[in-house]
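Following: one structure in structure tokens, then a few remarks.
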Amino acid sequence: MKNLIVFTLLTFIIHSCSSTQLVSNWKDPDTVLFHANKVLIVGMTVNEKVREDFEVKLKAAFEKRDVEAVRSLDLFDVKFTDAKQSEKQLSEVEKQLLDKDFDAILFTKVIGSEKKKTLRTRLSNIEGYLSTFQDDYLRHQGIYYEDDYYDTFTVFHAQTALYCICVGKERQTIWKAGIDITDPQNFEKSVDEYVKLVVLAMEEQNLIFHKTEKNEVTGL
């Protein structure tokens, strides 16, 4: 129930964002608070520029809140990302992270995309309700046969997950959020909004970032 309330609140708060929207939000029910001193930030995408921009900005957001963060770009070399990794190799990576005092991984990736359509023509206003059937039909008949009656846009479905790699709790999932990015023509702007949304969602649930007296964004 608490997760539902937080999800509803976050959806309302972020509704004004033009390109990112929180669509799902899950937190481990046994985790009330989660602290981390050193976090590995992983942005999985073939677009090197977007990956770097995302990891740089998220690292800056962490450090602004006095949490040490390291980009995967600084840890994973080209050989690592260009080759398929086995479970054993990833276990070795996690052990190396533990040895270097990491206690969490924030992992973001795009999990799918879909084409959507929206009406190009403005829908009838309230006065239009008083028009005749002929008026209404003639005004909107292009729906049947006009290819440009709709605007087509792409929605990317992304997911960000927080994993604990603490001793005795390796690979434990603490939190997962699904975020939709709508028609990201301006990737830099979309990354900015995505980072703000992730930070806000984590802070609302006391994950790494913890609210003090008043949240500077929500006022709650």
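None of these values were measured; they are calculated from a predicted model.
Side-chain atoms of Ser24 come within 3.5 Å of backbone N or O of Gly178 as a donor-acceptor pair. At least one donor-acceptor pair under 3.5 Å links the side chain of Lys27 to the backbone N or O of Gln205. The backbone N or O of Cys164 lies less than 3.5 Å from no partner atom in the side chain of Gln172, so there is not a single donor-acceptor pair. Panel note: side chain Glu55, backbone Ser72; a donor-acceptor pair is recorded below 3.5 Å. In this structure, Lys59 contributes its side chain and Ala69 its backbone to a donor-acceptor pair below 3.5 Å.
Grouping the Ile, Leu, Val, Met, Phe, Trp and Tyr side chains by contacts below 4.5 angstrom, directly or via other members, places Val42 with Leu75. When the side chains of ILVMFWY residues are joined at heavy-atom separations under 4.5 Å, either directly or via intervening members, Val195 and Val50 end up in a single hydrophobic cluster. No single ILVMFWY cluster, assembled from side-chain heavy atoms under 4.5 Å apart, contains both Val67 and Val56.
Among residue pairs with one or both ends in residues 95-107, those qualifying as salt bridge (charged side-chain N to carboxylate O under 4.0 Å, His left out) are Lys95-Asp99; sequence neighbours excluded. Residue pairs meeting the ring pair (Phe, Tyr, Trp, His ring centres under 6.0 Å) criterion with at least one partner in residues 181-203, sequence neighbours excluded, are Phe54-Tyr194. Counting only residues at least two apart or on different chains, the ring pair (Phe, Tyr, Trp, His ring centres under 6.0 Å) pairs with a member in residues 77-98 are Phe76-Phe80. Note on residues 83-92: pairs passing side chain to side chain donor-acceptor pair (under 3.5 Å), not counting sequence neighbours, are Ser86-Gln89, Ser91-Arg171.
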Validation: residues 29-37 side-chain donor-acceptor distances under 3.5 Å, sequence neighbours left out:
from  : atom 1 : to     : atom 2 : distance (Å)
Thr31 : OG1    : Asp28  : OD2    : 2.7
His35 : ND1    : His210 : NE2    : 3.2

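From Glu193, atom CD reaches atom OG1 of Thr182 across 9.5 Å, with rounding to the nearest 0.5 Å. With rounding to the nearest 0.5 angstrom, the OH atom of Tyr163 is 10.0 Å from the CG atom of Leu106. The CD atom of Glu188 sits 6.0 Å away from atom NZ of Lys49, with the distance rounded to the nearest 0.5 Å. One distance of note links CD of Glu94 with CZ of Phe102; it measures 12.5 Å at 0.5 Å rounding. From Thr45, atom OG1 reaches atom CZ of Arg51 across 9.0 Å, with rounding to the nearest 0.5 Å. Atom CG in Leu197 sits 12.0 Å away from atom OG in Ser190 (nearest 0.5 Å).
Checked against ring pair (Phe, Tyr, Trp, His ring centres under 6.0 Å), Phe209 has the following partners two or more places apart in sequence or in another chain: Phe62.
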Mind running side-chain contact (heavy atoms from CB on, under 4.5 Å) on Glu48 and Leu73 for me, showing each step along the way? CA-CA 9 Å; Glu48 196 74 15; Leu73 283 165; 3.2 Å; yes

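Looking at heavy atoms from C-beta onward, Ile179 lies in side-chain contact with Val198 at the 4.5 angstrom threshold. The shortest distance between side-chain heavy atoms of Phe107 and Leu40 does not fall below 4.5 Å. In this structure the side chain of Thr160 never reaches within 4.5 angstrom of the side chain of Met202, judged on heavy atoms. Looking at heavy atoms from C-beta onward, Thr154 lies out of side-chain contact with Ile181 at the 4.5 angstrom threshold.
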